[in-house]
Structure formats: C-alpha cells, structure tokens
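Quick notes on the structure that follows.
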Amino acid sequence: MVQTTYQQTPIGIAKIVGDFNGIQSVSVLDDGTISEEAFNASVPECLQECVVQLDEYFKGKRESFNLTVNPKGTKFQLKVWKSLLKIKYGKTTNYLAQSKSLGDVKAIRAVATANGKNPLWIVIPCHRVIGSDGSLTGYAGGIWRKQWLLNHENPVKQQSLF
C-alpha cells in the first residue's frame, strides 16, 4: 500500500510517497499547503529511511542517498534520471553534456523535459543540471530552491588572508 509522509526542510515541506517497493516520489510544497494533522502524523515504516537521509542531507552530513527508489516514468525518463545520479555532490553539469553522455546530442530538449519530470526531488539530483551558459534554467521547485541547493552543496569557503 502506498504511503505518504511530510517533512519540514529549510526550503519547504517535502512530501514523500512510497511503499516497501521503494520511494516513488519526493516533492517540495510551499508552507501551508497541508493540514496540521497530516504533517504531525507518524512516519510510515517504509518511508522512515528516506526521512532520515533527507534530514542528514540538509544538516550537511550526507552527500548521496542510499534508498530503494521506484519512480514511475517512461523508459527514456528512467534512463535520463539514472544519468543524474552520476553527477557528484557539489558539482554541476549542463543539459548539453547530459545529452552527450546519453549518446544523443540532439536530444537536449527531451533530456531537459525528462529532468523537469523527475519525481524524486534532491534524491535524484536534477538541481545539479544548469544551462550551457551557467544560468540556472528551469526547476520544478523554483529557481530560488535550485540556487539554495547548489549553495548548500558547494558553499563559498572563506579565504585566508595569510
């Protein structure tokens, strides 16, 4: 049976959906979009590890996720989402490079569209894909969240004067 839980994060409420076959989706909601009862409900056992790992990520104690995932998508979308897992924490790539890595430079729009349909926010790191010119192009959670996540993963280090 598919279960749902909600988790407060620094950039909104995460809605986590899945069952014992894996996490199907992690999405971000704006505050005030769920009831107090739903937010305070106990976390289903099948979703507990995802809650723990997201918490560790936001505390800066986790750079990758070790979860069983079960996203729903086309064969092409699943291939694109799997390629996102190769982008290391603190690094970015662009849509053109991602298309090339998938073997079809002409598929750039299809790859970007598939990234936009990624159902596993943060777990499958589509926020690490930027425009070829370095711009923060589209992000389902909002550009400000994409910027926040990239800054979280690659904070500016204070340089020593001596």
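Numbering starts at 1 and runs along the sequence shown. Not measured: the values here are computed from a predicted model.
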message: Can you tell me how far apart CD1 (Ile143) and OG1 (Thr137) are? Round to the nearest 0.5 Å.
response: 6.5 Å

- prompt: Is it true that Glu56 and Lys61 make a salt bridge, defined as a side-chain N closer than 4.0 Å to a carboxylate O?
  reply: no

- request: Heavy atoms only: give me the nearest Ile13-Gln8 pair and the separation to one decimal.
  value: CG1-OE1, 3.7 Å

- prompt: Regarding Asn66 and Glu49, is there a side-chain donor-to-acceptor distance under 3.5 Å anywhere?
  reply: no

message: Is it the case that the side chain of Asn118 and the backbone of Pro125 share a donor-acceptor pair, with hydrogens and angles ignored and the cut-off at 3.5 Å?
response: no

field: Any donor-acceptor pair under 3.5 Å from Lys146 side chain to Val129 backbone
entry: yes

task: Under 4.5 Å between side-chain heavy atoms, chaining through other members, with only Ile, Leu, Val, Met, Phe, Trp and Tyr counted: pull out the rest of the cluster around Phe20, sorted by chain and number.
output: none

message: To check you understand the geometry: which heavy-atom pair defines the closest contact between Val43 and Gln48, and what is its length?
response: O-NE2, 3.2 Å

field: Within residues 115-129 or reaching into it, pairs that qualify as salt bridge (charged side-chain N to carboxylate O under 4.0 Å, His left out) - sequence neighbours excluded
entry: Arg128-Glu153

message: Measuring only between side-chain heavy atoms, which start at C-beta, is Leu85 closer than 4.5 Å to Ile124?
response: yes

query: Shortest non-hydrogen contact from Cys50 to Val26?
result: SG-CG2, 4.0 Å

query: Between Thr9 and Leu54, does a side chain to side chain contact (heavy atoms under 4.5 Å, CB included) hold up when you go through it step by step?
result: CA-CA 8 Å; Thr9 78; Leu54 278 171; 5.8 Å; no

task: Step by step, work out the ring-ring contact (aromatic ring centres under 6.0 Å, His included) result for Trp148 and Tyr139.
output: CA-CA 12 Å; Trp148 191 98; Tyr139 186 65; over 10 Å; no

- prompt: Measuring from Ile11:CD1 to His152:NE2, what's the distance to the nearest 0.5 Å?
  reply: 8.5 Å

- prompt: What residue among Gln98, Gln77, His127 forms side chain to side chain donor-acceptor pair (under 3.5 Å) with Asn115?
  reply: Gln98

- prompt: Rounded to the nearest 0.5 Å, how far does NZ of Lys79 lie from CG of Leu102?
  reply: 5.5 Å

task: Start with the C-alpha gap between Ile16 and Thr4, add the side-chain angles, then the distance that decides, and say whether side chain to side chain contact (heavy atoms under 4.5 Å, CB included) holds.
output: CA-CA 6 Å; Ile16 304 166; Thr4 302; over 6 Å; no

query: Quick check: does any side chain N or O of Gln7 sit under 3.5 Å from a backbone N or O of Val51, one acting as donor and the other as acceptor?
result: yes

- prompt: Taking atom types as modelled, is there a side-chain donor on Gln147 or Asn151 under 3.5 Å from an acceptor on the other?
  reply: yes

- prompt: What pairs of residues pass the ring pair (Phe, Tyr, Trp, His ring centres under 6.0 Å) test when at least one of them lies in residues 64-120, not counting sequence neighbours?
  reply: Tyr57-Phe65

